[in-house]
Amino acid sequence: TGFSLYFMFNLGLYAFRPIQEEYFMHHPNGDIPVKLNDLLFSAHALFACLVTGFQCLIYERRNQTVSVMCRRLLKGIAVFLVLGLGMTLCHVIGWLQFLTGCSY
């Protein structure tokens, strides 16, 4: 989930004008902190993680399972994303705030 959320943040801030405008409202004298190399790095890292995840699905695992703690963390991240996306879609928070939260 880490690199996918980092990629979302970079893509949003690099490519979408409404998110850039929101950034400039908060930082009127600043520059967009995401450059092309940031976007490409996060895309490459996401691709590498997806390949690794795919390999985990197709190769034999025998009796290995995901730990209870890892499942709880993933559920917590999912709850955060659903609530954050809901608040963004209901205009409680802006896209920049949601993506910034996701990037952590």
Side-chain angles (χ1 to χ4, degrees):
T1 58
F3 282 118
S4 61
L5 296 176
Y6 181 55
F7 176 71
M8 267 184 14
F9 172 80
N10 285 339
L11 181 64
L13 207 50
Y14 184 80
F16 293 102
R17 177 62 59 192
I19 296 172
Q20 292 173 350
E21 290 170 359
E22 189 176 342
Y23 178 83
F24 286 127
M25 283 188 339
H26 294 287
H27 304 87
N29 297 325
D31 289 331
I32 297 293
V34 177
K35 305 297 180 211
L36 181 60
N37 65 316
D38 299 317
L39 183 64
L40 294 177
F41 168 77
S42 59
H44 177 266
L46 174 59
F47 176 74
C49 288
L50 290 173
V51 168
T52 303
F54 178 71
Q55 290 175 337
C56 290
L57 291 174
I58 64 171
Y59 290 119
E60 182 180 345
R61 293 180 292 236
R62 297 191 188 193
N63 61 350
Q64 294 180 358
T65 61
V66 179
S67 70
V68 173
M69 178 58 95
C70 184
R71 288 182 194 180
R72 288 180 182 161
L73 285 172
L74 289 173
K75 288 177 185 175
I77 291 169
V79 167
F80 169 80
L81 291 174
V82 168
L83 291 176
L85 185 60
M87 290 185 344
T88 303
L89 294 174
C90 292
H91 304 289
V92 175
I93 62 174
W95 279 105
L96 180 64
Q97 191 174 3
F98 172 65
L99 290 175
T100 301
C102 289
S103 73
Y104 291 108

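Heavy-atom minimum distance, Arg71 versus Val66: NE-O, 3.4 Å. For the residue pair Leu46 and Phe7, the shortest heavy atom distance occurs at CD2-CD2, 4.0 Å. A pairwise comparison of heavy atoms in Phe9 and Leu99 identifies CD1-O, 3.4 Å as the closest pair. Here the shortest heavy-atom pairing between Phe3 and Cys49 reads CD1-SG, 3.5 Å. The two residues Arg61 and Leu57 come nearest to each other via the heavy atoms NH1-CA, 3.8 Å. Scanning both residues, Gly84 and Ile93, for their nearest heavy atoms gives O-CD1, 4.0 Å.
Residue Leu50 is grouped with residue Leu39 when hydrophobic side chains (ILVMFWY) are merged at heavy-atom distances under 4.5 angstrom, including chains of intermediate members. Hydrophobic clustering keeps Phe80 apart from Leu83 (ILVMFWY residues linked when any side-chain heavy atoms are closer than 4.5 Å, directly or through intermediates).
Applying the side-chain hydrogen bond (donor to acceptor under 3.5 Å, both in side chains) test to pairs two or more places apart or on separate chains, those with a residue in residues 32-43 are Asn10-Ser42.
Side-chain contact between Trp95 and Thr100: absent, with no pair of heavy atoms (C-beta onward) separated by less than 4.5 Å. Here the side chains of Leu5 and Tyr104 are not in contact, with every heavy-atom distance at 4.5 Å or above. Side chains of Leu96 and Leu13 form a contact here, defined as non-hydrogen atoms less than 4.5 Å apart.
Ring geometry for Tyr6 against Phe41 counts as perpendicular: the plane angle is over 60°, on a 0 to 90° scale with 30° as the lower cut. Using cut-offs of 30° and 60° for the angle between ring planes, the His27 and Tyr23 rings count as parallel.
More than 12 heavy-atom neighbours from other residues, nucleotides or ligands sit within 6.0 angstrom of CZ on Phe24. Counting heavy atoms of neighbouring residues, nucleotides and ligands inside a 6.0 Å radius, atom NE2 of His44 does not exceed 12 of them.
Expressed to the nearest 0.5 Å, how far OH of Tyr59 lies from CZ of Phe54 amounts to 8.0 Å. Separation of atoms CZ (Arg62) and CD (Gln64) is listed at 9.0 Å; rounding is to 0.5 Å. Separating the OH atom in Tyr14 from the CG atom in Leu36 is a distance of 4.0 Å, to the nearest 0.5 Å. Distance check, rounded to the nearest 0.5 Å: CE of Met8 to CZ of Phe98 gives 5.0 Å. The distance from the CG atom of Leu74 to the OG atom of Ser67 is 9.0 Å, given to the nearest 0.5 Å.
Scored by the salt bridge (Lys or Arg N to Asp or Glu O under 4.0 Å) test, Glu21 finds no partners at all (sequence neighbours excluded).
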